[in-house]
Amino acid sequence: MEPGRSLRAGEGPAAGLAEAAGLAPVHGPALTVQLDDAPRENRRGPYPAGIPAPGPDDLVVHQQDVQAVVNALWAGGAEAMTIMDRRVTALTAVRCVGNTLLLHGEVFSPPFRITAIGGAAALHAALRDSPQIAIYQQYVAAYRLGYRVDEVADVRMPAYDGSLTLARPGNSAGRAD
């Protein structure tokens with residue numbers, strides 16, 4: 001692409017890519033998955049027979065849990081996605097610091113919401129068939145972490161509006177030279 005041109009401009013061959021790249025608003029039927037830490041009032045038990053007392057890390061949502069949901073939804077044919085109402089693009093990194101999520105430079109606390117536009121049956125199946133989500137479900141059953149999936153008839157997702165410039169060696173601020 002020539003300097004000064006943008007996928008957002010919606011001109012020429014790039015126009016058709018904007019939606020797929022997350023740079024255009026979209027809407028459609030969706031699933032929303034919500035992950036949450038164990039409620040404080042339930043953290044001391046009692047726990048089901050045979051379940052050991054949890055450590056602090058057993059009671060919170062982790063980066064790999066959020067990433068497992070994101071990966072399963074993409075595998076299930078998601079056409080577009082948001083995390084905490086922020087559009088997911090190829091540049092989106094799921095990063096947790098403690099029990100907070102760092103996403104596009106913003107910090108979010110649980111519950112974490114991931115919404116994906118796509119066919120409900122395929123998205124449900126992908127969540128059900130994910131080995132990583134099966135592990136998370138064990139913690140849901142044992143320690144009461146939150147896991148909820150809702151179907152939404154029509155979700156509107158905004159276009160990604162952050163920087164599209166990648167950091168390069170010698171350019172840690174991500175600015176174009």
Side-chain angles (χ1 to χ4, degrees), residues 1 6-38 60-97 99-166:
M1 180 176 303
S6 167
L7 284 176
R8 294 178 212 251
E11 299 173 8
L17 300 175
E19 190 173 298
L23 303 176
V26 294
H27 73 95
L31 286 189
T32 294
V33 179
Q34 183 170 290
L35 306 176
D36 202 358
D37 295 346
V60 296
V61 177
H62 291 279
Q63 176 176 317
Q64 67 264 22
D65 305 323
V66 176
Q67 191 67 60
V69 170
V70 169
N71 290 345
L73 293 170
W74 285 133
E79 299 167 22
M81 193 176 308
T82 60
I83 302 174
M84 303 303 285
D85 299 322
R86 303 311 187 264
R87 191 68 179 270
V88 175
T89 72
L91 301 176
T92 302
V94 174
R95 297 281 182 253
C96 287
V97 179
N99 73 333
T100 61
L101 175 66
L102 179 61
L103 185 67
H104 299 297
E106 293 182 79
V107 178
F108 299 95
S109 296
F112 301 125
R113 288 177 322 282
I114 303 102
T115 301
I117 291 177
L123 295 175
H124 277 295
L127 292 168
R128 182 189 63 240
D129 296 343
S130 166
Q132 292 79 18
I133 293 175
I135 292 169
Y136 181 80
Q137 292 283 13
Q138 292 173 359
Y139 284 81
V140 170
Y143 302 121
R144 300 179 190 101
L145 269 73
Y147 182 78
R148 181 175 162 177
V149 179
D150 294 306
E151 290 185 31
V152 185
D154 187 37
V155 166
R156 296 192 179 280
M157 293 184 179
Y160 174 72
D161 63 355
S163 173
L164 297 175
T165 304
L166 295 175

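Reckoned from all heavy atoms, side chains included, excluding hydrogens, waters and symmetry mates.
In this structure, Ala126 and Ala75 approach most closely via the heavy-atom pair CB-C, 4.5 Å. Nearest heavy-atom pair, Leu31 versus Ala120, reported as atom, atom and distance to 0.1 Å: CD1-O, 4.2 Å. Here the closest heavy-atom approach between residue Pro158 and residue Thr82 is recorded as CD-CG2, 4.5 Å. Taking both residues in full, the closest heavy atoms of Ala78 and Leu123 are given as N-CD2, 3.8 Å, listed atom of the first, atom of the second, then distance. Across all their heavy atoms, Leu103 and Ala93 have their closest contact at CD1-O, 3.8 Å. The two atoms that bring Gly76 and Ala122 nearest to each other are O-CB, 3.3 Å, heavy atoms only.
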Go through the steps for Tyr136 and Leu35 under the test side-chain contact (heavy atoms from CB on, under 4.5 Å), then give the verdict.
CA-CA 10 Å; Tyr136 181 80; Leu35 306 176; 3.7 Å; yes
For Arg87 and Thr92, run side-chain contact (heavy atoms from CB on, under 4.5 Å): C-alpha distance rounded to whole Å, both residues' side-chain angles, the deciding distance at 0.1 Å, then the answer.
CA-CA 8 Å; Arg87 191 68 179 270; Thr92 302; over 6 Å; no
Mind running side-chain contact (heavy atoms from CB on, under 4.5 Å) on Ile117 and Val26 for me, showing each step along the way?
CA-CA 9 Å; Ile117 291 177; Val26 294; 3.8 Å; yes
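The backbone N or O of Met84 sits less than 3.5 Å from a side-chain atom of Arg86, completing a donor-acceptor pair. Between the Gln132 side chain and the Ala68 main chain, no donor and acceptor come within less than 3.5 Å of each other. Using a distance-only test at 3.5 Å, with no hydrogens or angles considered, no donor-acceptor pair links the side chain of Arg144 to the main chain of Ala38. Although no hydrogens or angles enter the test, the distance criterion places no donor-acceptor pair under 3.5 Å between the side chain of Asp154 and the main chain of Pro29. In this structure a side-chain-to-backbone donor-acceptor pair under 3.5 Å is missing from Asn99 to Val60.
Counting heavy atoms from C-beta outward, Leu145 and Asp37 have side chains that stay 4.5 Å or more apart. Contact check for Met157 versus Thr115: side-chain heavy atoms found under the 4.5 Å cut-off. Side-chain contact between Phe112 and Ile83 is absent, with no heavy-atom pair separated by less than 4.5 Å. Residues Val70 and Met81 are in side-chain contact: their nearest non-hydrogen atoms beyond the backbone lie under 4.5 Å apart.
Between the CD1 atom in Ile114 and the CG atom in Asp65 there is a gap of 9.5 Å [rounded to 0.5 Å]. Here the NE2 atom belonging to His124 is positioned 12.5 Å from the CG atom belonging to Asp129, to the nearest 0.5 angstrom. The CZ atom of Arg113 sits 11.5 Å away from atom CG of Asp150, with the distance rounded to the nearest 0.5 Å. Rounded to the nearest 0.5 angstrom, Leu127 CG and Tyr147 OH are separated by 4.0 Å. Separating the CG atom in Asp85 from the CD atom in Glu106 is a distance of 10.5 Å, to the nearest 0.5 Å. Taking NE2 from His27 and CZ from Arg156, the interatomic distance works out to 5.0 Å, rounded to the nearest 0.5 Å.
With no hydrogens or angles considered, no side-chain donor-acceptor pair links His62 and Gln67 at under 3.5 Å.
Between Tyr160 and His104, the ring center distance clears the sub-6.0 Å criterion.
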